[in-house]
Amino acid sequence: MAYIVDLRSDTVTKPTESMKHAMVNSALGDDVVGEDPTVNALENKIATMLGKQAALFVPSGTMGNLIAVMVHCSKRGSEAIVGETSHIFRYEQGGAAHLGNVLLTTIPNKPDGTFDLDTLEGKIRGSDIHEPITSLVAVENTQNYCGGKVLPLSWLDELAVLCKKYSIPIHMDGARLFNASVHSKQPPARIVRDCASVSVCFSKGLSAPVGSALVGSYHFIEQARRMRKMLGGGMRQAGVLAAAALVSLDEVVPLLALDHKRAHRLGMVIQGLFLKSFTVDVENLHTNIVLVKIQPESPITADQVLQRLAQVSLAETKGDCKTPNDEGVIVKGVQFNSKTIRFTLHREITDEDLWLAIMKITYVFKEIDAGVNK
């Protein structure tokens with residue numbers, strides 16, 4: 001059987017042995033009525049880490065973002081302004097509109113994940129009775145679709161000044177907030193200082209099996225708890241899950257720098273091949289996500305490349321890509337669009353896994369490049 005290196009996402013990780021032990025031995029209670037001690041401990045810990053008053057444990061980041069939008073935009077006729085490549089807009093099925101009656105108005109993201117603040121100011125509405133009321137601005141940090149980019153702190157500060165001018169709260173989709181903290185060498189509390197609410201994912205990069213936290217003021221979390229119940233997110237003895245999240249904060253967050261280092265190494269190798277068909281913007285590779293761009297004029301697509309990476313040729317088992325059992329290597333990635341492949345590094349990818357992935361990717365990329373550039 002071929003050896004598989006799974007670089008599809010940092011959500012594919014399994015719980016650590018410490019997490020399993022903590023889950024089995026966690027103190028439990030009914031969290032819907034606030035009586036699960038492990039959930040309470042997690043909520044207190046993450047709120048303190050982010051410099052906020054309170055937190056709410058929710059099943060997923062998507063639910064956390066939806067609850068935040070619904071709480072901030074509770075007045076009918078409200079809109080939230082989000083980046084056009086944001087997770088809230090691209091990957092959450094329009095839940096804000098479908099379930100929250102909130103209009104999502106998009107603004108173009110720049111390559112670094114930010115957006116133009118003058119453009120944002122021009123989009124703010126509500127003084128005219130014909131218009132919806134801009135009630136929220138949401139940002140994503142790190143910005144997934146832009147390649148795990150970390151939003152500049154100076155830009156966040158300028159955004160805060162603008163939003164304060166119009167009394168509009170900021171929500172941060174911080175699914176990978178701790179990756180942003182590691183890269184910027186800033187505590188997470190500083191990054192989210194001016195955000196009214198923040199969502200943080202424990203199963204994305206941190207190896208916990210389930211769960212996110214929504215963080216904000218006491219009043220915001222009180223309202224968010226009601227929304228969670230309405231959406232079916234009220235969990236009973238949820239300490240079984242919260243226990244793993246607590247371990248992730250103590251044991252996995254300190255390891256994120258290794259994911260970044262390995263991602264940079266992978267990007268450097270691919271770019272160092274100097275192929276006509278494939279490029280990586282290594283200079284702007286911030287965290288654990290590597291985006292491989294296929295040249296627009298190339299006839300090949302990301303899907304075709306991923307299909308080839310999932311195959312093992314006879315020549316590979318006798319050459320550089322063979323494993324100790326001579327069965328070859330399969331590398332899994334994600335197609336972002338027809339000309340972009342995403343590889344995501346995570347805790348379960350060792351140096352040996354990375355080396356095998358590099359051998360396979362090098363072999364396949366050279367093979368494809370030679371085929372289309374004869």
Side-chain angles (χ1 to χ4, degrees), residues 4-12 85 90 109-114 140-152 176 179-180 182-184 204-205 256-310 320-321 329-373:
I4 297 175
V5 182
D6 195 341
L7 302 179
R8 287 174 297 172
S9 177
D10 47 7
T11 62
V12 301
T85 61
R90 292 184 62 94
N109 284 104
K110 297 180 181 180
D112 66 353
T114 66
E140 184 181 336
N141 198 15
T142 65
Q143 220 287 352
N144 173 40
Y145 196 82
C146 292
K149 295 294 192 303
V150 178
L151 302 182
R176 295 184 176 93
N179 292 91
V182 169
H183 174 78
S184 63
K204 192 171 281 183
L256 292 177
L258 293 176
D259 297 340
H260 296 188
K261 182 179 179 181
R262 291 178 178 126
H264 191 265
R265 188 180 306 162
L266 175 59
M268 287 281 289
V269 169
I270 295 173
Q271 186 63 14
L273 297 175
F274 300 107
L275 301 176
K276 294 181 180 180
S277 301
F278 304 98
T279 60
V280 174
D281 183 3
V282 177
E283 184 178 350
N284 292 305
L285 202 166
H286 290 178
T287 54
N288 63 323
I289 294 175
V290 180
L291 294 188
V292 181
K293 299 287 187 178
I294 302 171
Q295 294 306 304
E297 63 274 10
S298 174
I300 60 175
T301 66
D303 184 58
Q304 291 171 330
V305 176
L306 290 170
Q307 287 185 39
R308 177 62 186 88
L309 287 170
D320 293 335
C321 291
V329 179
I330 287 173
V331 174
K332 294 183 177 182
V334 168
Q335 173 184 312
F336 256 16
N337 55 52
S338 63
K339 296 294 182 180
T340 307
I341 297 169
R342 187 189 76 171
F343 295 124
T344 305
L345 281 293
H346 50 80
R347 181 189 60 82
E348 292 186 351
I349 300 300
T350 64
D351 285 336
E352 181 181 2
D353 291 327
L354 178 62
W355 176 243
L356 290 173
I358 285 173
M359 288 195 300
K360 173 73 173 193
I361 291 169
T362 299
Y363 186 95
V364 169
F365 280 20
K366 284 183 174 180
E367 176 188 86
I368 292 174
D369 191 70
V372 299
N373 294 290

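- A donor-acceptor pair under 3.5 Å is absent between the side-chain atoms of Ser9 and the main chain of Val12, judged by distance alone.
- Interatomic distance, CG of Leu266 versus OG1 of Thr362, reported as 8.5 Å (0.5 Å rounding).
- A distance of 5.5 Å separates CE of Met268 from NE2 of His264, quoted to the nearest 0.5 Å.
- The backbone N or O of Ile349 sits less than 3.5 Å from a side-chain atom of Arg262, completing a donor-acceptor pair.
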From CA spacing to verdict: side chain to side chain contact (heavy atoms under 4.5 Å, CB included), Phe365, Arg308: CA-CA 9 Å; Phe365 280 20; Arg308 177 62 186 88; over 6 Å; no

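- Not a single donor-acceptor pair under 3.5 Å links the side chain of Gln335 to the backbone N or O of Ala302.
- Comment: Lys276 does not engage Asp369 in a salt bridge, judged by the lack of any side-chain N to carboxylate O separation of less than 4.0 angstrom.
- In this structure, CG in Asn144 is found 10.5 Å from NZ in Lys149, a value given to the nearest 0.5 Å.
- Judged purely by atom type and a 3.5 angstrom limit, Lys360 uses its side chain to pair as donor or acceptor with the backbone of Val329.
- Judged purely by atom type and a 3.5 angstrom limit, Thr114 has no side-chain atom pairing as donor or acceptor with the backbone of Lys110.
- The CD1 atom of Ile341 sits 8.5 Å away from the CD1 atom of Ile270 when rounded to the nearest 0.5 Å.
- In this structure, CG on Leu285 lies 8.0 Å from CG on Leu291, to the nearest 0.5 angstrom.
- Remark: the backbone N or O of Asp112 is not paired with any side-chain donor or acceptor of His286 at under 3.5 angstrom.
- When all heavy atoms of Ser277 and Ile300 are compared, the closest pair comes out as CB-CD1, 4.4 Å.
- Exactly one of Thr344, Thr287, Asn288 qualifies for a side chain to side chain donor-acceptor pair (under 3.5 Å) with Asp10. That residue is Asn288.
- Ionic pairing of Asp351 and Arg265 is present here: one or more N-O contacts between side-chain nitrogen and carboxylate oxygen are shorter than 4.0 angstrom.
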Thr279/Gln271 under side chain to side chain contact (heavy atoms under 4.5 Å, CB included): CA gap, chis, key distance, verdict: CA-CA 6 Å; Thr279 60; Gln271 186 63 14; 3.8 Å; yes

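- Nearest heavy-atom pair across Leu354 and Leu345 is CD1-CD1, 4.3 Å.
- In this structure, the separation between OG1 on Thr85 and CG on Asn109 is 3.5 Å, given to the nearest 0.5 Å.
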Step-by-step side chain to side chain contact (heavy atoms under 4.5 Å, CB included) determination, Phe343 to Val280: CA-CA 11 Å; Phe343 295 124; Val280 174; over 6 Å; no

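- Judged by distance alone, the side chain of Arg342 and the main-chain N or O of Arg8 form a donor-acceptor pair under 3.5 Å.
- At least one donor-acceptor pair closer than 3.5 Å links the side chain of Lys339 to the backbone N or O of Ser298.
- Considering every non-hydrogen atom in both Val150 and Ser184, the closest pair reads CG1-CB, 4.4 Å.
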